[in-house]
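All chains are named by letter (A, B, ...) in the order of the sequence lines, taking the proteins before the strands, and each is independently numbered beginning at 1. In this text the structure is predicted, and so the values were computed from the model without any measurement. Computation of the quantities below employed the complete heavy-atom set of this structure, encompassing side-chain atoms and omitting hydrogens, waters and symmetry-equivalent molecules.
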Amino acid sequence: MHGASAPDPTGAGRSREAPARAVGAPSPSGVARTDEIAAHAESVEAVIAWFAEAGRDLPWRREGVSAWAILVSEVMLQQTPVVRVLPRWQEWMQRWPAPSDLADAPTAEVLRCWDRLGYPRRALRLQECARVIVREHGGRVPRGEQALRALPGVGEYTAAAVTAFAHGERALVVDTNIRRVLARSVRGHALPDRSYSAAERAVAAASLPLSREQSTAWNQAVMELGALVCTARAPRCQQCPLAGGGCAWFAAGRPAATEDTRRRQPFEGTDRQMRGMIMALLRRDGSAAQEQLMGLDADDPERVRRGIRTLAADGLAVRDGAHLRLP
DNA sequence: AAGTCGGGGGC
DNA sequence: GCCCCAGACTT
């Protein structure tokens with residue numbers, strides 16, 4: 001989207017790298033060049049047009065969906081793919097359409113309804129979030145990123161997403177999809193930096209269109225482009241609206257990522273897996289005897305005890321005599 | 001800046 | 001089997 005920017009495959013030129021600039025946006029170094037502005041404006045139009053044609057009809061994007069429903073979708077989508085969120089979100093919104101509904105629900109039911117979306121602390125935080133909204137905001141999702149970020153489970157991304165998608169305001173939305181699209185199209189990198197860097201933020205900020213309408217459309221469209229076309233594994237550049245000069249990575253011949261030393265997290269045999277097994281039992285039966293739980297890993301009883309202890313500490317489970325049960 | 005925290009589908 | 005997914009929170 002920023003055809004004039006030079007690819008920097010090594011990432012070594014981080015400090016010298018000129019951030020892309022939004023249309024007419026003031027830049028740290030002064031003024032955006034006219035051709036850069038024009039090139040970016042063209043990319044913005046192309047990506048938004050692509051979205052209108054190819055974007056998915058996801059239920060939380062439909063007209064009239066409440067801010068609360070959108071907030072719920074964003075929390076569920078934190079590290080969980082869209083296809084798995086869809087059925088849970090539908091059921092969730094039918095059951096607890098407003099913050100006050102969720103605030104009054106039994107926590108055990110909330111955790112059961114979360115099912116296997118993963119990271120069940122999100123469900124706990126979401127209920128606490130509903131209670132805070134009821135208690136401090138009259139039952140309405142607050143406006144403004146600062147107020148949103150004060151809610152449990154709402155971080156930088158979710159606050160921006162709710163501001164943009166629910167409230168229709170200009171906000172710097174940067175998720176894993178947008179990071180990847182901008183890393184490729186603007187910076188010419190195969191992948192984003194290991195952690196969300198200042199350089200990435202600068203690129204995202206400079207790329208965000210200035211008008212309210214265009215900024216929200218851009219956020220939605222770039223995110224979708226990353227999800228459907230500019231994917232992590234096998235990007236479908238043939239279908240990309242930026243392949244015709246709007247993508248620095250494509251223009252450079254799609255250079256491979258420089259040695260990715262990213263730590264990959266194991267799963268088999270971890271406490272995390274144990275917590276998951278215990279929660280699965282509790283969702284199914286409501287409670288489980290200590291003895292039954294120990295059977296989850298007879299070779300490593302300490303691992304089971306850690307699972308029980310940390311789940312209880314997180315408020316995801318409650319010790320009840322010789323049993324463990326949902327809160 | 002790095003660790004922790006679930007779970008499943010695609011390759 | 002490995003990788004990745006609309007991140008948040010703690011240390």
**Message:** Considering every strand and a 4.0 Å limit on heavy-atom distances, what is the contact class for A/W114: base, sugar-phosphate, or nothing?
**Reply:** nothing

**Message:** Considering every strand and a 4.0 Å limit on heavy-atom distances, what is the contact class for A/A232: base, sugar-phosphate, or nothing?
**Reply:** sugar-phosphate

**Request:** Go through the structure and list residues passing side-chain contact (heavy atoms from CB on, under 4.5 Å) with A/E169, not counting sequence neighbours.
**Result:** A/R143, A/T163, A/H167, A/R212

Separation of [N] [atom2] from [X] [atom1] (nearest whole Å):
X      : N      : atom1 : atom2 : answer
A/L281 : B/dG6  : CG    : P     : 15 Å
A/M76  : C/dA6  : CE    : P     : 16 Å
A/E224 : C/dA6  : CD    : P     : 9 Å
A/R180 : C/dC3  : CZ    : P     : 16 Å
A/R122 : B/dC5  : CZ    : C1'   : 10 Å
A/L126 : C/dA6  : CG    : P     : 18 Å
A/I278 : B/dC5  : CD1   : C1'   : 14 Å
A/R236 : B/dC11 : CZ    : C1'   : 12 Å

Nucleotides 8-11 of chain C: which of its N/O atoms have a protein N/O under 3.5 Å away?
| residue | atom | partner | partner atom | Å |
| --- | --- | --- | --- | --- |
| C/dA8 | OP1 | A/G155 | N | 2.9 |
| C/dA8 | OP1 | A/T158 | N | 3.0 |
| C/dA8 | OP1 | A/T158 | OG1 | 2.6 |
| C/dA8 | OP2 | A/Y157 | N | 3.3 |
| C/dC9 | OP1 | A/G153 | N | 2.7 |

**Prompt:** Which dot-bracket string describes DNA chain B (Watson-Crick N1-N3 plus N6-O4 or O6-N4, or G-U N1-O2 and O6-N3, all under 3.5 Å; [ ] crossing; | other strand)?
**Reply:** |||||.|||||

Among side-chain atoms of [X] and [Y], is any donor-acceptor pair under 3.5 angstrom?
X      : Y      : result
A/T80  : A/R122 : yes
A/Q78  : A/Y157 : no
A/E109 : A/Q127 : no

**Prompt:** What pairs meet the ring pair (Phe, Tyr, Trp, His ring centres under 6.0 Å) rule with one or both residues in residues 97-119 of chain A, with sequence neighbours excluded?
**Reply:** A/W92-A/W114

Salt bridge [X]-[Y], side-chain N to carboxylate O under 4.0 Å:
X      : Y      : answer
A/R180 : A/D175 : no
A/R135 : A/E128 : yes
A/R325 : A/D285 : no
A/R275 : A/D314 : yes

**Message:** Do A/V75 and A/V134 land in one hydrophobic cluster if side-chain heavy atoms of ILVMFWY residues count as linked below 4.5 Å?
**Reply:** no

**Request:** Group every Ile, Leu, Val, Met, Phe, Trp and Tyr by side-chain heavy-atom contacts under 4.5 Å, then state whether A/L281 and A/M274 land in the same group.
**Result:** yes

**Item:** Test salt bridge (charged side-chain N to carboxylate O under 4.0 Å, His left out) applied to A/D57 and A/R62, step by step
**Value:** CA-CA 7 Å; A/D57 177 30; A/R62 290 180 186 155; 3.1 Å; yes

**Prompt:** Which whole number of Å gives the distance between the P atom of B/dG8 and that of C/dA8?
**Reply:** 22 Å

**Asked** Expressed as a whole number of Å, how far does the P atom of B/dG3 sit from that of C/dA6?
**Response** 24 Å

Any N/O pairs under 3.5 Å between the protein and nucleotides 7-9 of chain B? List them or say none.
| residue | atom | partner | partner atom | Å |
| --- | --- | --- | --- | --- |
| B/dG7 | OP2 | A/G276 | O | 3.4 |
| B/dG7 | N2 | A/R84 | NH1 | 3.1 |
| B/dG7 | N3 | A/R84 | NH1 | 3.1 |
| B/dG8 | OP1 | A/R116 | NE | 3.3 |
| B/dG8 | OP1 | A/R116 | NH1 | 3.0 |
| B/dG8 | O4' | A/R84 | NH1 | 3.4 |

**Of residues 300-317 of chain A, the positions that come close to DNA chain C - non-hydrogen atoms, cut-off under 4.0 Å** = none

**Prompt:** Okay, side chain of A/W89, backbone of A/V72: is any donor-acceptor separation there less than 3.5 Å?
**Reply:** no

**Item:** Minimum side-chain heavy-atom gap A/V141-A/L148 below 4.5 Å
**Value:** yes

